[in-house]
Amino acid sequence: MLRANEDYLKLPGSYLFSNIAKKVAAFKEKNPDAEVISLGIGDVTQPLAPAVIEALHKAVDEMADAETFKGYAPDLGYEFLRKAIRENDYKKRGVDIALDEIFISDGAKSDSGNIQEIFTKDVKIAVCDPVYPVYVDTNVMSGRTGTYDPETESWSDVIYMPCKKENNFAPQIPDEKPDLIYLCFPNNPTGSTITKDELQKWVDYANEVKAVIIYDAAYEAYISEENVPHTIYECEGAKTCAIELRSFSKNAGFTGTRLGFTVIPKELKDEDGVELNALWARRHGTKFNGAPYIIQKAGEAVYSEEGQKQTKEQVAYYMENAKIIVEGLKSAGFNVSGGINAPYVWLETPNNMTSWEFFDYLLEEANIVGTPGSGFGPSGEGYFRLTAFGSRENTIKAIERIKKLSV
Ligand code: MLT
């Protein structure tokens, strides 16, 4: 009998950002004259850097010439891009990563969702709470999370590591031993970070209990403070316990262009000594046909001198937005964190409103879209996320509107 995957049927509602998009579309239909500003999903608004555009044009021309035309990309991605990554993201930080430890992909969202496939169904996952919803949802799809309690909006077999104001939005090592630990720093959604010493503690712990850390470093380009690690491999021993996910979406505006990569060191093995790198290579070769040549060429251009300068300017632009949001909200009396090493600002909802009540209030009263904290997990209740990825004009306008609200 043909039946749908019962694990998928356990997923409550729709994906957070699809749910928000539906609500906003309904609001716009009812209020066609409202000038809605979105500071919700973390999507960039600045155009691609000129160096990237130039590389795209050149690569397209190569595709038009029989001499330079490219078909399928190599399994792991083109060497020119993996070399640029190895040099710029790792060697420059004193980290030695081999070319065949880098897997080019179409972005960190799919990699962070797919990576759990190489582990058994009974591995226990630990996630920060609040958390980027993809980590939990994809484990639900794989039947790894137990039962859902709608009351607490949590799963029975997931270890939640609360990240709240009381602990500076940094997770504590859990009492129960996890097998897979998802960490994301700088953090989405709270915008928090941890120091290199703090991350070292996680690495030591993972090696000690034989757990694997899935380290999502998609926002590393936004780090402004010293002693915040840009890659987990800056920590001693990370190669035997950590997989790192990276993205071009936020550091170079590739949200629509799609490019990312995953690093799996060859030293990383399961408890039977199976190399996870080999397993992911097998999976990548079977289920993925590579990011397009023209996009990988665009990615290479991000690492050129001009590309670095231009993409750093974009990051600075968004971080100026973050500063405007943080200062504006503080002056309006909000309790705010984040926005220093990350393009996300995390605020406490006013007047004990729930996250979704504040979402509705902000949309109706100020025509601003944000993201309800509870959408990221139970500990996000009473919080709200605003992104710094808007245009300057819209960011300023949004903050002026919020300041005028009587909350
Ligand atoms: C977010 O808003 O959390 C991100 O844009 C989601 C993503 O990067 O997929």
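Heavy-atom basis, side chains included; hydrogens, waters and symmetry copies ignored. Just so you know, ligand 1 is whichever comes first in the structure, and atom 1 is the first atom listed for that ligand.
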- Residue portion contacting ligand 1 (non-hydrogen atoms closer than 4.0 Å) for Asn188: side chain

- Message: As an exercise, identify every atom of ligand 1 less than 4.0 angstrom from a heavy atom of Ile41.
- Response: 2 (O), 5 (O)

- Message: Once rounded to the nearest 0.5 Å, what's the spacing between atom SG of Cys241 and atom CD1 of Ile232?
- Response: 6.0 Å

- In Ile85, Ile102, Thr231, the residue satisfying side chain to side chain contact (heavy atoms under 4.5 Å, CB included) with Arg246 is Thr231

- Verify whether the ring centers belonging to Tyr344 and Tyr219 lie closer than 6.0 Å. yes

- Between Glu234 and Tyr90, do the side chains contain an N or O donor and an N or O acceptor separated by less than 3.5 Å? no

- Which segment of Phe376 sits under 4.0 Å of ligand 1 when only heavy atoms are counted: neither

- Subset of ligand 1 atoms that lie under 4.0 Å from at least one heavy atom of Gly42: 1 (C), 2 (O), 5 (O)

- Can you tell if the side chain of Phe119 reaches within under 4.5 Å of the side chain of Ile125, non-hydrogen atoms only? no

- Specify whether Tyr222 and Tyr318 have parallel, tilted or perpendicular ring planes, treating 30° as the upper limit for parallel and 60° as the lower limit for perpendicular. tilted

- Atom indices of ligand 1, in the order listed, that fall short of 4.0 Å to a heavy atom of Tyr132: 6 (C), 7 (C), 8 (O), 9 (O)

- Note: ligand 1 atoms sitting under 4.0 Å from heavy atoms of Lys250 are 4 (C), 5 (O), 7 (C), 8 (O)

- Do other residues, nucleotides or ligands put more than 12 heavy atoms under 6.0 Å from the CG atom of Asn227? yes

- Numbered atoms and elements of ligand 1 in range of Phe17, under 4.0 angstrom, heavy atoms: 1 (C), 2 (O), 3 (O)

- Based purely on interatomic distance, does Tyr15 place a nitrogen or oxygen under 3.5 Å from a nitrogen or oxygen of ligand 1? no

- Query: Hey, which atoms in ligand 1 end up nearer than 4.0 Å to a heavy atom of Tyr344?
  - Reply: 1 (C), 2 (O), 3 (O), 4 (C), 5 (O)

